[in-house]
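Residue numbers start from 1 in every chain, and the chains themselves are labelled A, B, ... in the order their sequence lines are given, proteins ahead of strands.
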Number of protein chains: 2
Amino acid sequence: MRDEAARPGQRADAHRNRERILEAAAEVVGEDGTQASLRDVARKAGVGLGTLYRHFPTRDALLETLLRTGFDQLTDEAGRLLDADLPRDRALADWLSAFTERAGTFQGLPASLMATLGDPESALHASCLAMREAGGRLLRAAQETGRIRPDVDGTDLFALANALSWIADQAPSIAARRDRLLALLMDGLAHPDAGRA
Amino acid sequence: MRDEAARPGQRADAHRNRERILEAAAEVVGEDGTQASLRDVARKAGVGLGTLYRHFPTRDALLETLLRTGFDQLTDEAGRLLDADLPRDRALADWLSAFTERAGTFQGLPASLMATLGDPESALHASCLAMREAGGRLLRAAQETGRIRPDVDGTDLFALANALSWIADQAPSIAARRDRLLALLMDGLAHPDAGRA
DNA sequence: ACCTGAACACCGTTCAAGT
DNA sequence: ACCTGAACACCGTTCAAGT
């Protein structure tokens, strides 16, 4: 599915190894989370440990390739919601729901996202920042309607969204309450003076 | 300060080692968080690794001794606030503030607290549950005044409090916004029909 | 070019040997 | 009764040796 075309000048075996590593990583990270053993990934890929490091010099580089498609979709989704014929606060709530759902796909992902935001050297930094900015634009649009409190910014929003994703991942009993906690968060974001049903 | 009295029948050197381990643990966990290396703790305590395990058979057993005093204070504080001459939602907000402050003392503590809640075998389980119940009682009292929404329970509250503590720990820039995010959380907890200033 | 796996410096946990 | 540290099975990361 991903990166099917070989890179120009890349040897066929190298390209195949790269694909194998990514497939194995999807499995292992899916089971053990973003802190999964890289040795396990190499083993499952049937590849030497050095080969894994050659293709992905850091853990974040591997995660970035694994996650970029999903991140880009979320960034695009924010743009679509911004242009959609939808109440602005509704659009914001929809995006937060999509974000927390995706951030919950891998255990440990919210922590990785927050860590990466503070580390410009991380391979995940750029796409993570793009997501925060996209969410920030949705937030500001909603604030302009007066239905969302003006004293929060994109950093707050991204932090809260990750906090919600994190807590849902800590216990199944909490995961079942995710939507309700998200609604509670939206109420907290609502402007004090805005009328509520 | 802690456990100064020797236990009956305990050898003097054993008691001294236990104290040394706890002092070292306070330092090391303070620096590296709840996932700190136990080897580091033993080294700093000037004690063999087996001695550490003899006194504290699990990581949670060590953390429990390190944290119990603080946990008990929070549980007691909830009782005091329940009896205080204070608006119920004010009392709840005060307790949440105290909780998040303490949960932020050690990096990784919110995750340990949530994990421990789902593991009855953990040495931290009982005192953690007691804290959640104490917070739950404060919550119900506030709900009875009609100023706090009725569709949340102690589990929600504890989860949200830990989520807030967690996110504040992920970046210094977020830690600086903790009080504002707590206020936002309180707004989310407020009853939709309750008048707000 | 690329791959491999040994090597190094760490973990957590257990347990035989000491006092 | 208690303490010690070697032993075992793991990590992440690097790099000499191979093809």
Side-chain angles (χ1 to χ4, degrees), chain A residues 3 6-25 28-29 31-66 107-108 111-112 115-116 119 121-124, chain B residues 3 6-25 28-29 31-66 107-108 111-112 115-116 119 121-124:
Chain A
D3 289 344
R7 310 182 151 187
Q10 193 179 36
R11 257 164 50 173
D13 58 340
H15 179 254
R16 197 172 51 240
N17 278 338
R18 192 172 188 277
E19 290 304 300
R20 280 185 186 172
I21 290 167
L22 284 170
E23 283 167 32
V28 175
V29 174
E31 279 175 35
D32 301 339
T34 59
Q35 295 310 309
S37 159
L38 297 180
R39 261 190 168 83
D40 273 356
V41 174
R43 262 193 294 262
K44 180 153 260 166
V47 134
L49 201 39
T51 303
L52 188 150
Y53 274 91
R54 162 171 269 264
H55 286 283
F56 304 100
T58 63
R59 177 183 297 272
D60 279 1
L62 179 57
L63 290 175
E64 203 267 342
T65 307
L66 217 53
Q107 195 256 315
S112 296
T116 230
D119 175 18
E121 303 302 312
S122 162
L124 277 165
Chain B
D3 289 343
R7 309 180 153 190
Q10 193 180 37
R11 256 165 49 175
D13 58 341
H15 180 254
R16 195 172 52 240
N17 278 339
R18 192 172 188 277
E19 290 304 300
R20 278 186 187 172
I21 290 168
L22 283 170
E23 281 167 32
V28 175
V29 173
E31 278 175 35
D32 301 339
T34 59
Q35 296 310 310
S37 160
L38 297 179
R39 259 188 168 82
D40 273 356
V41 174
R43 263 193 293 265
K44 181 152 260 168
V47 133
L49 202 38
T51 303
L52 188 151
Y53 275 91
R54 160 170 272 264
H55 285 283
F56 304 101
T58 64
R59 179 183 295 273
D60 280 1
L62 179 57
L63 290 175
E64 203 266 345
T65 307
L66 217 51
Q107 196 255 318
S112 295
T116 229
D119 175 17
E121 304 302 312
S122 162
L124 276 165

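To the nearest angstrom, P of C:dT13 lies 4 Å from OH of B:Y53. Note: CZ (B:R16) to C1' (D:dC2) measures 12 Å, nearest angstrom. In this structure, CD of B:Q35 is placed 14 Å from P of C:dC11, rounded to the nearest angstrom. When the P atom of C:dT14 is taken as reference, atom CZ of B:F56 falls 16 Å away, rounded to whole Å.
No contact: A:A42 has no heavy atom under 4.0 Å from any strand. Heavy atoms of A:R20 sit nowhere under 4.0 angstrom from any nucleic acid atom. In this structure, B:A12 reaches neither bases nor backbone, as no heavy-atom distance under 4.0 Å exists between it and the strands shown.
With a cut-off of 3.5 Å on both Watson-Crick or G-U wobble distances, the partner of C:dC10 is given as none. Across the strands present, C:dC2 finds its partner in D:dG18; the criterion is a Watson-Crick or G-U wobble pair with both atom distances under 3.5 angstrom.
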Report task. Start with the C-alpha distance between A:R43 and A:D40, add both sets of side-chain angles, then the distance that settles side chain to side chain contact (heavy atoms under 4.5 Å, CB included), and finish with yes or no. Result -> CA-CA 5 Å; A:R43 262 193 294 262; A:D40 273 356; 2.8 Å; yes
Query - Check against side chain to side chain contact (heavy atoms under 4.5 Å, CB included), A:T116 and A:E64 - result: CA-CA 10 Å; A:T116 230; A:E64 203 267 342; over 6 Å; no
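Checking side-chain atoms of A:R59 against main-chain N and O of A:T34 turns up a donor-acceptor pair under 3.5 Å.
Here B:N17 pairs with nothing under the side chain to side chain donor-acceptor pair (under 3.5 Å) rule; sequence neighbours left out.
Here the side chains of B:L38 and B:L62 are in contact, with some heavy-atom distance below 4.5 Å.
An OP1 or OP2 oxygen of D:dG12 is reached within less than 4.0 angstrom by a side-chain nitrogen or oxygen of A:S37.
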Using a cutoff of under 3.5 Å, can you pull out all pairs of nitrogen or oxygen atoms linking the protein to nucleotides 3-7 of chain C, with atom names and distances?
{"residue": "C:dC3", "atom": "OP1", "partner": "A:N17", "partner atom": "ND2", "Å": "2.3"}
{"residue": "C:dC3", "atom": "OP2", "partner": "A:H55", "partner atom": "NE2", "Å": "3.3"}
{"residue": "C:dT4", "atom": "OP2", "partner": "A:G48", "partner atom": "N", "Å": "2.8"}
{"residue": "C:dT4", "atom": "OP2", "partner": "A:T51", "partner atom": "OG1", "Å": "2.7"}
{"residue": "C:dG5", "atom": "O6", "partner": "A:G50", "partner atom": "N", "Å": "3.2"}
{"residue": "C:dA7", "atom": "N6", "partner": "A:R39", "partner atom": "NH2", "Å": "3.3"}

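Between A:D13 and A:R16 there is no salt bridge, since none of the side-chain N atoms of the basic residue sits less than 4.0 Å from a carboxylate O of the acidic one.
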